[in-house]
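Structure, as C-alpha cells:
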Number of protein chains: 2
Amino acid sequence: MRATIRDVAARAGVSVATASRALSSERGVRPENRERVLAAAAALDYQPNILAAALRGRTTYTVGMVVPSIGNPYFATLVEAVEHQLRDDDRSLLLANSRYEPQTERRQIQALLDRRVDSLILVPCDRTASRDATADAAARVPTVQVDLRVDDHAGSSVTVDNEFGLRLAVDHVVGRGAYRPVFVGAEPVDSSAQERLDGYRQATGRYGLGEPDVLLGDFSTDWGRAAACRIVDRDPRPDAVICGNDMIALGVLDGLAAAGMRVPEDIQVTGFDDTPYAALSRPSLTTVRQPQDEIAAQAVRLLDAAAARSDSPPPQRIAITPVLVARGSTLP
Amino acid sequence: MRATIRDVAARAGVSVATASRALSSERGVRPENRERVLAAAAALDYQPNILAAALRGRTTYTVGMVVPSIGNPYFATLVEAVEHQLRDDDRSLLLANSRYEPQTERRQIQALLDRRVDSLILVPCDRTASRDATADAAARVPTVQVDLRVDDHAGSSVTVDNEFGLRLAVDHVVGRGAYRPVFVGAEPVDSSAQERLDGYRQATGRYGLGEPDVLLGDFSTDWGRAAACRIVDRDPRPDAVICGNDMIALGVLDGLAAAGMRVPEDIQVTGFDDTPYAALSRPSLTTVRQPQDEIAAQAVRLLDAAAARSDSPPPQRIAITPVLVARGSTLP
DNA sequence: ATGAAAGCGCTAACAG
DNA sequence: CTGTTAGCGCTTTCAT
C-alpha cells in the first residue's frame with residue numbers, strides 16, 4: 001500500500017497538518033520540522049494523492065483540451081505545444097477528440113468538466129453549433145478558444161490573424177507576377193475558413209484584381225486535388241493558387257503535377273499553417289506559418305490569469321501575427 | 001454550486017446510500033425509488049464528482065498514455081485510435097509526451113500514476129533506459145507497451161510484426177527486379193529500429209543477396225536526405241532503398257530527386273508505417289502499413305482483461321501482421 | 001431494500 | 001509555529 005500523509009507525519013513525529021504544510025511548501029513550519037517531514041516523505045517514497053487534494057482543495061493540476069482531430073498534424077503539433085507548456089508547471093493534459101462533431105464535442109467537454117479540470121482549451125469545430133457548449137464550459141471554468149472560435153461569444157481566444165496571413169500570401173504571389181489568382185478554401189463552417197476567405201477577398205480587392213475567384217470545399221487533400229482539376233481546365237488559366245491550408249495545397253500540388261503543370265513556373269501555389277508536411281512536398285510549399293508555441297503559451301497564460309482572479313477577468317482576444325515562409329512552390 | 005448526491009437524495013426522499021445505489025445502477029433498489037432518484041438527478045442536473053468516487057472507490061475511468069512525440073504523425077494517429085477506443089466506454093485519456101527522453105518519460109509516468117490512472121499505455125522510447133520505469137509502472141497498474149517495447153521485460157505488449165513487415169518490403173522490390181537493395185534505418189535505440197534492421201538482414205539473407213547493406217541514422221527526414229546523397233555516390237549504385245520508416249523514406253525521395261534520379265525507374269523506395277504523409281509524396285510512397293486501430297483495440301482489450309482479474313494475468317505479447325501498400329515509389 | 005455511519009487522503013479553519 | 005477537528009462527495013459495510 002502506498003504511504004499516506006499520516007505515515008509521513010507519524011514517521012516525522014509531527015501532526016498531519018504540519019506534514020501537509022511542509023509538503024505544500026507554504027511557510028509556517030519550523031525549518032527543523034520541515035526537514036524531518038521531507039526526509040520522512042523521501043524515505044517512505046511518499047506520493048501525494050492528487051485526487052484527495054483536489055477533492056478537498058479546488059485544483060486538479062489538470063487542464064482539458066478538445067480538438068477536432070488529434071490525428072491531424074496541425075492539431076497534433078498544437079497539442080504538443082500545449083502539453084509542453086503545461087509540463088513546465090507539472091500539470092497534465094486531459095485530451096479529447098471531437099471528430100468535428102458538435103455533439104461529440106459537447107459530450108467531451110462534459111466529460112472533462114466531470115473530471116474537474118482546472119481549465120479548458122477548446123478548438124470549437126463549428127462556428128455556430130459549438131457555441132452553447134463553449135459558453136456553458138466558460139461559465140464553469142476558465143476557458144480559452146484556440147485556433148478556432150465560435151461566433152458571437154465573448155470568451156477569450158487566441159488565434160492567428162488569418163486575414164493578415166492571407167494578405168501575406170496574396171502579396172507574395174502578386175509580387176512575383178501573378179495577376180490571376182484563385183483561392184481554394186473550405187466552406188466557412190469554422191472561423192478560420194471564414195476569416196481566410198474574407199482575407200483573400202480583401203487582399204485581392206486591394207490590388208483591384210477583379211471579382212475574387214474562389215473555390216470552396218473542405219480542408220482536405222482530396223478537395224485540393226479535385227480543385228486542381230477544375231483549375232487547369234479554366235480559360236484563362238489562373239497563375240496562382242492560394243490555398244486555405246496546407247492539406248489543400250498538397251492536394252493541389254498533386255493534382256497540378258498529374259495534369260502536367262509546372263509549379264512554380266506555370267502556376268504558383270501557397271498553403272497555410274506550415275504543418276510538418278509543407279517542407280517535405282515536391283516542390284516544397286510556400287506557406288503561412290502559425291507560431292504554435294506562441295499560441296500555446298498565450299493560451300496557457302490567459303488561463304492562468306483567469307484562474308488567479310476570483311472575479312472573471314474581461315475576456316481577451318489575442319490575434320497572433322503569422323509570417324510567410326517562402327519555399328519552392330512560389331517563384332524566387 | 002453543483003448539486004451533490006445529498007441534494008439528489010433529499011429531493012428523492014431517500015438516503016444518500018440509496019441514491020448512490022440507484023445511480024450506480026447496481027441492483028438492490030426498489031424500482032419505484034430508483035425512478036425517483038433518477039428523476040431528481042435529472043431535475044437537478046446532477047453530475048457525479050468522479051474525483052470523489054475515485055477517492056472512495058478505486059477507478060478513475062482514466063487511462064494514461066505516454067508517447068515519445070505527440071506531434072509525430074505516427075504517434076498522433078495512434079493516440080487518436082486509442083482515444084477513440086476509450087471514448088466508446090466513457091473513459092478519458094491523460095496524455096503525456098516523453099520527448100524521447102527516458103528521464104522525462106519516467107517523470108511523466110509518475111505524474112500519471114499520481115493522478116491515479118486506471119491503467120497505462122506506454123510507448124517506451126528506449127529499449128534499455130525505459131526499462132525500469134516501465135517495470136515500476138507495471139507493478140502498480142495494468143500496463144501495456146504499444147508499438148515499442150523494452151528489452152527483457154515480461155510485460156504485455158502490442159506491436160506490429162516488424163520482421164515480417166520488412167520481409168514484405170524486400171520481397172516487393174526484389175519481385176520487381178531489385179537485386180542490390182540498401183537499408184536506411186535508425187540506430188537500434190528503440191525496439192522497432194532493432195527489429196526492422198534484423199528483419200532486413202533476414203529478408204535479404206533469404207535471397208542470398210550477399211552482405212546486407214545498411215545505413216543507420218535516426219528516424220528523420222534529414223537523415224533520409226543525407227543517406228540519399230551517400231547512396232547516389234555508390235558504385236555500383238543500389239537499385240532499391242528500403243527505409244526504416246516513412247520519414248526517412250520521404251527524405252530519401254527528396255534527396256534522390258535533388259540528385260536527378262528517377263523513382264521508381266532508376267531506384268525503388270519503400271517506407272514503413274503508412275503515415276498520412278505516405279500517400280501525399282511525389283511519387284507516392286510504397287510502404288508497410290501498421291493497422292493502428294487494431295493495435296489500439298488490442299491494447300485496450302489487454303488492459304481491460306488485466307483489470308478484470310485481481311491476480312495479474314500472464315503477460316501477453318501480441319504481434320500484429322502488417323500489410324504492404326503498393327504505391328508509386330516502386331515499380332508496378 | 002434501506003439507512004446510518006465510517007472513512008478514502010488531504011487541506012483548511014480554528015485554537016492553542 | 002503546531003495540533004485538533006472538520007469535512008470535500010462519494011461508496012460501502014453493517015445493521016435494520
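Below, read A as the first sequence line, B as the second, and so on, with proteins coming before strands; counting in each chain starts at 1. Computed over heavy atoms, backbone and side chain alike; hydrogens, waters and symmetry mates excluded. Keep in mind the model is a prediction, meaning the values are calculated, not measured.
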Rounded distance (Å) that lies between atom [atom2] of [N] and atom [atom1] of [X]:
X: B:Asp114; N: C:dG9; atom1: CG; atom2: P; result: 14 Å
X: A:Gln47; N: C:dC10; atom1: CD; atom2: P; result: 11 Å
X: A:Arg6; N: D:dT4; atom1: CZ; atom2: C1'; result: 12 Å
X: A:Leu44; N: C:dG9; atom1: CG; atom2: P; result: 14 Å
X: B:Leu23; N: D:dT11; atom1: CG; atom2: C1'; result: 12 Å
X: A:Tyr61; N: C:dC10; atom1: OH; atom2: C1'; result: 12 Å
X: B:Ile50; N: D:dG9; atom1: CD1; atom2: P; result: 15 Å
X: B:Ile5; N: C:dA4; atom1: CD1; atom2: C1'; result: 15 Å

>> With each end axis built from five pairs of C1' atoms, what bend angle do you get for the helix from C:dA1-D:dT16 to C:dG16-D:dC1? Round to 10°.
In response: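 Inter-axis angle at the termini of the helix from C:dA1-D:dT16 to C:dG16-D:dC1: 40°.
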> If you check every side-chain atom of B:Thr18, which of C:dG3, C:dC8, D:dT11 has the closest atom?
Replying inline: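 Nearest to the side chain of B:Thr18 among the choices is C:dG3.
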Does a side-chain N or O from [X] land closer than 4.0 Å to OP1 or OP2 of [N], or not?
X: A:Asn33; N: D:dT2; value: yes
X: B:Ser20; N: D:dT12; value: no
X: B:Ser15; N: C:dT2; value: no
X: B:Arg56; N: D:dG9; value: no
X: A:Arg21; N: D:dC1; value: no

>> Does B:Tyr61, at its OH atom, have more than 12 non-hydrogen atoms belonging to other residues, nucleotides or ligands within less than 6.0 Å?
In response: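 No, the 6.0 Å shell around OH holds no more than 12 heavy atoms from other groups.
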> Are any of the side-chain nitrogens in B:Arg131 or B:Asp152 under 4.0 Å away from the carboxylate oxygens of its partner?
Replying inline: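 A salt bridge links B:Arg131 with B:Asp152.
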Contact check, side chains of [X] and [Y], non-hydrogen atoms, under 4.5 Å:
X: B:Tyr74; Y: B:Asp147; answer: yes
X: A:Leu113; Y: A:Ile109; answer: yes
X: A:Arg301; Y: A:Gln85; answer: no

>> Checking A:Gln110 now: which residues fulfil side chain to side chain donor-acceptor pair (under 3.5 Å) with it, not counting sequence neighbours?
In response: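 Partners of A:Gln110 under the side chain to side chain donor-acceptor pair (under 3.5 Å) test: B:Gln47.
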>> Holding to side chain to side chain donor-acceptor pair (under 3.5 Å), I want the full list of residues that pass it with B:Asp190, two or more places apart in sequence or in another chain.
In response: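 Not a single residue meets the side chain to side chain donor-acceptor pair (under 3.5 Å) criterion with B:Asp190.
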>> With nearest nucleotide decided by heavy atoms, which residue, B:Gly13 or B:Leu55, maps closer to the 5′ end of DNA chain C?
In response: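 The answer here is B:Gly13.
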> What does A:Ala17 touch in the nucleic acid at a heavy-atom separation under 4.0 angstrom: a base, only the sugar-phosphate, or nothing?
Replying inline: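 Counting heavy atoms under 4.0 Å across all strands, the contact made by A:Ala17 includes a base.
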